[in-house]
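Order of the sequence lines fixes the chain letters, A, B, ..., with proteins taken first and strands second; residue numbering starts at 1 for each chain.
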Amino acid sequence: MRLSQMLWVTLREDPSEAEIKSHKLLLRGGYIRRITSGVYAYMPLMWRVLQKISWIVRAEMDATGAQECLLPQVQPAELWQESGRWETYTKAEGIMFSLTDRSNHKLGLGPTHEEVITAIARDMIRSYRQLPLNLYQLQTKFRDEIRPRFGLMRGREFIMKDSYSFHSSEASLKETYSVMDQAYCNIFNRCGLKFRAVDADSGAIGGSGSQEFMVLADAGEDDVLYTDDGKYAANVEKAISLASDLVPSAFTEYQKLLTPNTETIAKLAEVLKCSATQILKNVLYEVTYDSGITVLVLVSIRGDQEVNEVKLQNELVKVAENYQGKAVLALKVPDPESQKAWSSQPLPLGYIPPNLDDAYIAKNPRVNSKFLRLVDQTAVDLKDFVTGADVANYHVVGANWEKEFPLPKLVVDVRKAKAGDRSVHDPTQTLQTARGIEVGHIFQLGTKYSKAMGATYTNENGEEVPLIMGCYGLGVSRLAQAAVEQSYDKDGIIWNVAIAPYHVIICVPNVKDSAQMAVAERLLTELNQAGIETILDDRDERAGVKFKDADLVGIPFRIVTGRSLAEGKVEVVNRATKEANNIAIEQVVDSLLAEIFPK
RNA sequence: CGGGAUGUAGCGCAGUGGUAGCGCGCCUGCUUUGGGAGCAGGAUGUCGUAGGUUCAAUCCCUAUCAUCCCGACCA
């Protein structure tokens with residue numbers, strides 16, 4: 001390929017729309033163009049990178065015995081209604097693009113493919129003899145994200161590898177799950193990424209065990225907690241830890257104290273000269289179920305701890321049937337405006353007790369007449385604690401469960417683990433924190449979808465039972481940008497050889513010098529014939545421009561057919577190290593073969 | 001969905017109640033040819049869109065659309 005014939009435009013300055021380095025570099029390097037929010041065109045260089053990653057993914061997936069297929073992007077609402085996800089994926093914060101066809105049928109653009117694959121499995125898998133089975137596809141996914149951002153990091157249209165496995169036993173599922181775990185590690189290693197596998201929440205996809213693969217980078221959207229011994233790593237959404245020790249309370253007598261201007265725990269602890277661990281914090285949430293019922297949730301938790309909303313949401317899903325629902329549509333901390341909508345009188349914000357009276361909300365038909373009261377495990381052990389007095393500017397001290405306040409019946413773990421906490425597996429280890437970009441997520445789904453959609457097979461005993469499933473996702477386009485986020489310098493991108501759009505770029509300092517061009521043409525042919533993907537910068541530009549552009553796009557090796565030609569040599573420069581060597585023209589191919597495909 | 005910001009040439013940005021400019025890029029010519037060259041000449045704009053105020057609006061007002069950022073943050 002010759003650059004003079006390629007549609008390729010680099011930018012000197014950072015586009016104002018980009019915030020993080022990888023996004024700026026991909027735009028400046030002419031790799032991507034934004035078409036609308038969260039939707040990008042992949043230009044020729046980008047497409048080569050994506051293809052490289054795709055081939056690595058295919059190779060590793062095929063090696064596990066998985067089979068590639070291609071499922072439809074246009075999916076009927078009926079399938080999603082069967083699984084129970086149509087509502088949660090299209091209403092409220094739902095992320096599925098949905099549409100209606102000419103005959104008034106509802107359709108959705110596939111954000112994921114559990115429904116489609118389960119429908120196929122239901123039709124095609126009849127016997128345990130066909131199991132286990134693992135199908136995968138590489139395809140564009142559509143998700144109407146609440147807030148697309150950072151270029152390919154969170155797009156509304158993106159490329160994903162997803163696979164789905166089917167089993168006749170939990171043991172078989174776990175075996176494939178662990179094979180996928182290994183395959184993912186192989187993929188990320190081959191792409192040259194620094195990553196970490198972490199315990200994860202399974203979210204709306206559902207199921208039991210799940211693990212995320214995080215590319216470590218400060219621009220990542222996820223917080224990862226881990227221990228230095230390498231034995232524990234988890235997404236903060238899922239992470240567990242030991243809470244700090246409870247400081248015994250000095251308040252032995254129950255009394256009500258005037259505590260003005262202590263709406264926050266920090267101020268209260270300062271005024272009362274007590275530890276935040278002795279305070280019982282009562283946090284109000286507003287949850288809306290898919291049944292349309294809104295419930296006000298009062299979470300009591302130790303003052304020094306915070307609520308993990310993902311864990312809280314999982315608890316709320318467990319009790320959804322009490323409110324005729326199956327799923328949570330929205331969960332939020334109500335702001336003063338929405339409080340007005342349902343409270344009969346102003347709430348004593350900052351001074352709320354765990355037994356906040358249902359009378360505040362009982363008269364409003366728009367919300368459930370009673371608070372749903374939850375208490376976090378950490379708060380159950382509190383003695384002689386401090387909490388709100390249900391009146392502005394007053395707190396009570398020396399309070400106890402079942403004496404002044406009834407202990408809520410629902411005891412849950414909704415505590416957010418944080419850096420510095422002691423680890424559960426080894427209390428001498430403390431949790432460290434890092435930012436990560438989620439590029440892969442593997443799940444043990446179990447029978448959630450097969451049961452909902454009636455995907456069964458006949459087992460050894462002649463019984464008809466639901467298929468046991470696993471699913472495994474990998475963000476191809478996100479991985480590409482994550483690789484950039486992890487590997488660049490002041491001059492531009494530094495691609496790993498395995499996923500670089502080309503291995504080598506030949507820069508001709510002066511295209512009007514026929515000797516330079518002749519050598520460049522010869523090397524272009526020889527290198528490509530040797531399997532080294534090479535591009536020739538034959539544009540009529542000055543050398544400096546070509547060097548800047550070559551650095552910006554990050555091709556791993558640069559050949560310069562310049563002044564060293566006098567000695568029958570060309571200069572070979574390593575993009576990552578900037579190391580330059582003059583190598584005899586005849587030896588260039590062998591030398592680069594050794595660098596690019598080391599034994 | 002809430003909050004904030006921005007829409008002016010391909011990109012980055014100025015600017016003004018009297019019909020618009022800078023840098024880079026682009027085109028032509030000459031010179032130059034190892035780290036985004038120099039000189040000379042040139043082209044490019046419904047000033048996001050729609051209303052309103054005004055003798056006059058890119059500028060002021062209203063609405064709308066788009067894009068980006070922050071938040072779904074704890075009593």
Side-chain angles (χ1 to χ4, degrees), chain A residues 9-20 23-24 27-28 30 33-39 92-94 146-151 221 259 261-268 276 279-286 288 297-310 312-313 329-339 346-354 356 376 387-390 392-393 395 414-416 490-492 507-513 516 537 539-552 558 560-565 570-571 573 578 580 582:
Chain A
V9 178
T10 56
L11 305 173
R12 285 204 191 191
E13 290 173 278
D14 286 336
S16 59
E17 73 182 51
E19 198 68 18
I20 63 171
H23 188 196
K24 290 176 180 174
L27 285 167
R28 278 191 58 205
R33 307 292 283 196
R34 188 180 64 79
I35 300 304
T36 186
S37 179
V39 178
E93 309 280 88
I146 298 170
R147 184 145 91 90
R149 43 176 179 174
F150 303 151
E221 293 186 271
T259 53
N261 304 317
T262 55
E263 292 83 358
T264 65
I265 295 293
K267 283 193 216 162
L268 179 60
I279 299 170
L280 179 73
K281 178 162 75 175
N282 302 291
V283 189
L284 194 60
Y285 283 93
E286 182 180 330
T288 307
V297 183
L298 195 58
V299 181
S300 297
I301 190 168
R302 220 171 77 181
D304 62 320
Q305 301 298 326
E306 293 191 355
V307 174
N308 178 327
E309 293 192 359
V310 173
L312 174 60
Q313 177 153 343
L329 289 186
L331 173 64
K332 64 171 185 176
V333 173
D335 54 44
E337 277 305 302
S338 54
Q339 284 176 20
L347 293 168
L349 295 179
Y351 305 91
I352 290 179
L356 185 67
D376 184 75
T387 196
D390 201 12
N393 300 326
H395 278 90
V414 292
R415 192 179 127 259
K416 192 175 193 171
K490 66 174 169 49
D491 295 314
C507 290
V508 183
N510 183 358
V511 293
K512 296 198 178 79
D513 180 329
Q516 290 190 10
D537 190 349
R539 295 174 300 168
D540 187 9
E541 292 285 353
R542 295 166 63 85
V545 173
K546 298 186 182 192
F547 296 160
K548 287 285 185 191
D549 276 343
D551 285 349
L552 176 61
R558 185 179 82 209
V560 188
T561 58
R563 40 192 184 214
S564 54
L565 279 188
V570 292
E571 187 184 46
V573 185
K578 297 286 175 75
N582 287 332

Sequence neighbours excluded, which residues qualify as side chain to side chain contact (heavy atoms under 4.5 Å, CB included) partners of A:Ser16?
-> none

Given the P atoms of B:C73 and B:A14, what is the spacing between them in whole Å?
-> 34 Å

In whole Å, what separates the P atom of B:G3 from that of B:A63?
-> 13 Å

Over how many whole Å does the gap from A:Ile35 atom CD1 to B:A66 atom C1' extend?
-> 14 Å

Which stems does RNA chain B form, counting runs of 3 or more consecutive Watson-Crick or G-U wobble pairs with both distances under 3.5 Å?
-> B:1-7 with B:65-71, B:10-13 with B:21-24, B:26-31 with B:37-42, B:48-52 with B:60-64

How many Å lie between CG on A:Asp549 and C1' on B:G36, as a whole number?
-> 8 Å

Under 3.5 Å, which protein N or O atoms sit close to an N or O of nucleotides 73-75 of chain B? Give each pair with its distance.
{"unit_1": "B:C73", "atom_1": "OP1", "unit_2": "A:Val333", "atom_2": "N", "d": "3.3"}
{"unit_1": "B:C74", "atom_1": "O2'", "unit_2": "A:Lys281", "atom_2": "NZ", "d": "3.4"}
{"unit_1": "B:C74", "atom_1": "O2", "unit_2": "A:Tyr285", "atom_2": "OH", "d": "2.8"}
{"unit_1": "B:C74", "atom_1": "N3", "unit_2": "A:Tyr285", "atom_2": "OH", "d": "2.6"}
{"unit_1": "B:C74", "atom_1": "N4", "unit_2": "A:Val307", "atom_2": "O", "d": "3.4"}
{"unit_1": "B:C74", "atom_1": "N4", "unit_2": "A:Glu309", "atom_2": "OE2", "d": "3.3"}
{"unit_1": "B:A75", "atom_1": "OP2", "unit_2": "A:Lys281", "atom_2": "NZ", "d": "3.1"}
{"unit_1": "B:A75", "atom_1": "O3'", "unit_2": "A:Glu263", "atom_2": "O", "d": "3.4"}
{"unit_1": "B:A75", "atom_1": "O3'", "unit_2": "A:Gly350", "atom_2": "O", "d": "3.2"}
{"unit_1": "B:A75", "atom_1": "O2'", "unit_2": "A:Gly350", "atom_2": "N", "d": "2.6"}
{"unit_1": "B:A75", "atom_1": "O2'", "unit_2": "A:Tyr351", "atom_2": "N", "d": "3.4"}
{"unit_1": "B:A75", "atom_1": "N7", "unit_2": "A:Leu284", "atom_2": "N", "d": "3.0"}
{"unit_1": "B:A75", "atom_1": "N6", "unit_2": "A:Leu284", "atom_2": "O", "d": "2.8"}
{"unit_1": "B:A75", "atom_1": "N1", "unit_2": "A:Gln339", "atom_2": "NE2", "d": "3.2"}

All N/O pairs under 3.5 Å across the protein-nucleotides 9-15 of chain B interface:
{"unit_1": "B:G12", "atom_1": "OP1", "unit_2": "A:Ser16", "atom_2": "N", "d": "2.9"}
{"unit_1": "B:G12", "atom_1": "OP1", "unit_2": "A:Ser16", "atom_2": "OG", "d": "3.0"}
{"unit_1": "B:G12", "atom_1": "O2'", "unit_2": "A:Glu13", "atom_2": "OE2", "d": "3.2"}

Does A:Glu13 have any salt bridge (charged side-chain N to carboxylate O under 4.0 Å, His left out) partners at least two apart in sequence or in another chain, and if so, which?
-> none

Residue set satisfying side chain to side chain donor-acceptor pair (under 3.5 Å) with A:Arg12, at least two apart, ordered chain then number -> none

Between A:Arg558 and A:Asp551, is the closest basic N to carboxylate O distance under 4.0 Å?
-> yes

For A:Val310, all residues meeting side chain to side chain contact (heavy atoms under 4.5 Å, CB included), sequence neighbours excluded | A:Asp201, A:Glu237, A:Asn308, A:Asn314

Is there a side-chain contact between A:Lys548 and A:Thr10 (heavy atoms, below 4.5 Å)?
-> no

P atom, B:U44 versus B:A20: distance in rounded Å?
-> 13 Å

Nearest 0.5 Å, what's the CG-CG distance between A:Leu11 and A:Leu27?
-> 7.5 Å

For A:Asp549, the salt bridge (charged side-chain N to carboxylate O under 4.0 Å, His left out) test, sequence neighbours excluded, returns A:Arg539

note: A:Arg149, atom CZ; B:C68, atom P; distance rounded to Å ~ 12 Å

Inter-nucleotide P distance (B:U62, B:U28), Å rounded | 48 Å

If the C1' atom of B:C60 is compared with that of B:G17, how far apart are they to the nearest Å?
-> 8 Å

Please name all residues satisfying side chain to side chain donor-acceptor pair (under 3.5 Å) with A:Asn261, sequence neighbours left out, ordered by chain then number.
-> none

Rounding to the closest angstrom, what is the interatomic distance between B:C59 and B:G23 at atom C1'?
-> 23 Å

Rounded distance [0.5 Å steps], CD1 in A:Ile265 versus NZ in A:Lys281 | 5.5 Å

Going by heavy atoms in the side chains, are A:Tyr351 and A:Asp390 under 4.5 Å from each other?
-> no

Gap in Å between the two P atoms, one belonging to B:G12 and one to B:U67, rounded | 16 Å

Hey, is B:U32 sitting syn or anti, using the within-90° cutoff around 0?
-> anti

Would you mind reading off the distance between A:Arg34 atom CZ and B:G7 atom C1', rounded to a whole angstrom?
-> 12 Å

Sorted by chain and residue number, the side chain to side chain donor-acceptor pair (under 3.5 Å) partners of A:Glu541 (sequence neighbours excluded) come out as none

Once each nucleotide of nucleotides 25-35 of chain B is scored for protein heavy atoms under 4.0 Å, what B/S/- sequence comes out, 5' to 3'?
-> S------BBBB

What's the CZ-P distance between A:Arg147 and B:G3, to the nearest Å?
-> 15 Å

Under 3.5 Å donor-acceptor, A:Asp376 side chain and A:Arg415 backbone = yes

Span that lies between the C1' atom of B:G21 and that of B:A9, in whole angstrom = 10 Å

What's the CD1-P distance between A:Ile20 and B:C70, to the nearest Å?
-> 10 Å

Earlier contact from the 5' end, RNA chain B, for A:Thr36 and A:Arg28 = A:Arg28

Starting at CG of A:Asp537 and ending at P of B:G36, how long is that distance when rounded to a whole Å?
-> 15 Å

A:Lys512: what forms a side chain to side chain donor-acceptor pair (under 3.5 Å) with it, not counting sequence neighbours?
-> A:Asp540

Nearest-0.5 Å distance, CG of residue A:Leu268 to CD1 of residue A:Ile279 | 4.0 Å

